Amino acid sequence: MALSAESSIRQRTGEAVKKPVDAATARKDGAQTGKTWGRARDVGTINIIICGAIMAFCPLFVVYAWMSCTSFQCSLMGPLEKVFKADSIESGIRTLVHDDFPKPTSEGFKLYFAWLAFQAVCYSWLPGKIGYGQMTPAGYTLPYIVNGLLTWIVTHALFFGASLGLGLFPASIIHDNWGGLLIATNVYGYLLTGFCYLKAQIAPSHREDRKFSGSIIYDLYMGIEFNPRFGKYFDFKLFHNGRPGIVAWTLIDMSFAAAQYQRIGYVTNSMILLNLLHLTYVIDFFINEDWYLRTIDIAHDHFGFYLSWGDTVWLPFMYTLQSHYLVRNPVDMTWPWFTFVFVLGASGYYIFRAVNHQKDIVRRTDGACNIWGRPAKVIRTEFVTSDGKVHKSLLLCSGFWGLSRHFNYVGDLLISSAMCLTCGFEHLLPYFYIIFMTILLLQRVARDQERCKGKYGAYWVEYCRAVPYKLIPYVY
Ligand code: NDP
């Protein structure tokens, strides 16, 4: 009785029950020990090797893309040709590192840490309604401050007011310091990973929602804590993904558009369309920030290198590659091509939003709504949290969710293709985004299948029978 009262208070307030814990006893004391759904815990050697390799090599991959753009007009072959044309491979690599690698700069560090501090202040102090995440495997329903849209508006207004309005700095400042920023973000991304690893052992926010795999590498990569926080509301996951990550996305694009203007005296229609597509995606994210709290990023992934370095470095540097490309290789699209790419992006966006909206509305109304003009068809499910409590949920199986189990990803892939197609067909580098998104979303289909099967068991099997296609109806 006492336990259930405490648990229901936790669900309402999102507060953790704090008990002191030391690292040695962390696994026994409070961390999940039974088999529950959520992040995998029993990991094999191959998985661990892959995680280690990603942590070691992904930063080099980002440096390679940066270098290709900065020194070789965005040609991916450029750095390799330089190495192979040298007297020896060793001297080629040495010259490449010396001439073309990004260098740490004090401006880069100052800019980045000022940016982080500014975003942290906005996240903590700007007003916003309180949204709630999905119930965690340990039974918490956590509160979040949903003020992303206001933060986005304030940030962009200040940036352009100060640069274009008052002339305090050039609007191309991000483009101009891109190398120094790459070093600064990497330093922060690694420090954050290490900090979260230690925090999970010494001062976890919700000890029952931690997962230890037995491998330091895997735990560093995938994270131990599910929702690390400072205090009640400063959530690491939402902050790093939503603020320094996604707010920066449009700011970076616009700064690169300003750099294009400085270089060639005008902004190409391809750069304008790219900015428009990214802007739509980003604004949509903030308008629907409350919905985002119940997507896989927040509802499934623990906070390790994958999210901390991913949000800090990968997202701002790799998701914006098309605008870096267009600065070096301006593309004037023909109007029929422009129209085609625009319509492709707009259709993708429509699908993306409409599919996600159907799931959101059916969950919010507990199935009492119409989908495509007819009463929603749902499978009512039960699932168990690690405290042994049984909860109810539902799976929609009509509308877009009757076509395939992840039709929202189809919309995302169409928008991503349109973003890349603004860059023409001269180079592979701007197509990195659609290649990456395809791999990411296919992998997500598999991960989500595992997660939902673990969470819903026979109900999920019934759903898969009702909706047999994973992504594209009659194809996959
Ligand atoms: P979904 O929004 O599809 O969420 C999957 C979860 O929804 C499942 O784990 C399950 O969670 C619930 N669910 C599954 N099937 C049903 C159903 N039939 N009815 C109701 N609920 C169901 O996936 P994501 O969170 O990955 O993606 C959200 C959006 O974000 C997508 O549009 C995606 O394209 C986009 N995205 C963009 C990325 C980017 O980097 N640009 C990266 C990843 C995603 P539960 O039952 O536990 O609630």
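Everything numeric here is computed off the predicted structure, so don't read it as measured data. We count ligands from 1, going down the list as the structure has it; atoms in each ligand are counted the same way.
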Which of the atoms of ligand 1 are close to Tyr433, meaning less than 4.0 Å from one of its heavy atoms? 41 (N)

Would you mind finding which of Ile246, Ile296, Leu441, Ile415 brings a heavy atom closest to atom 25 (O) of ligand 1? Ile296

Closest to atom 22 (C) of ligand 1 (judged by heavy-atom distance), picking from His300, Arg353, Lys359: Lys359

Filtering Gln134, Arg451, Arg294 for the heavy atom nearest atom 11 (O) of ligand 1 leaves Arg451

Can you tell which part of Ser393 has a heavy atom less than 4.0 Å from ligand 1: side chain, backbone, both or neither? neither

What do you reckon, are the aromatic ring centroids of Phe305 and Trp314 less than 6.0 Å apart? no

Test Phe239 against every option in Tyr144, Phe230, Phe234 by the ring pair (Phe, Tyr, Trp, His ring centres under 6.0 Å) rule and name the one that passes. Phe234

Could you establish whether Val355 and ligand 1 come within less than 4.0 Å of each other, counting only heavy atoms on the residue side? no

Straight-line distance of Trp152 CH2 to Arg243 CZ, nearest 0.5 Å: 13.5 Å

Candidates Trp291, Trp314, Tyr409; heavy atom nearest atom 24 (P) of ligand 1 found on Tyr409

If I take atom CG from residue Asp284 and atom CD1 from residue Ile415, how far apart are they, to the nearest 0.5 angstrom? 7.5 Å

In chain order, what residues pass the side-chain contact (heavy atoms from CB on, under 4.5 Å) check against Cys196, with sequence neighbours excluded? Leu192, Phe236, Phe303

For atom 1 (P) of ligand 1, which of Asn288, Leu394, Asn408, Thr295 has the closest heavy atom? Asn408

Answer side chain, backbone, both or neither: which part of Leu395 comes under 4.0 Å from ligand 1, heavy atoms only. both

Could you tell me if the side chain of Phe407 sits less than 4.5 Å from the side chain of Ile351, heavy atoms only? yes

Taking the non-hydrogen atoms of Cys397, is any one of them nearer than 4.0 angstrom to ligand 1? no

Ignoring hydrogens and angles, tell me if any N or O in the side chain of Asp235 forms a donor-acceptor pair with the backbone of Leu238 under 3.5 Å. yes

Under 4.0 Å, heavy atoms only, figure out whether ligand 1 is touched by the backbone of Leu440, its side chain, both or neither. side chain

So is Phe383 in contact with ligand 1, going by heavy-atom distances below 4.0 Å? no

Judged by non-hydrogen atoms, does Tyr292 sit under 4.0 Å from ligand 1? no

If hydrogens are left out, which of Asp360, Ile351, Ile379, Asp412 has an atom nearest to atom 34 (O) of ligand 1, that is, the closest non-hydrogen atom? Asp412

Do the side chains of Tyr123 and Tyr233 get nearer than 4.5 Å, heavy atoms only? no

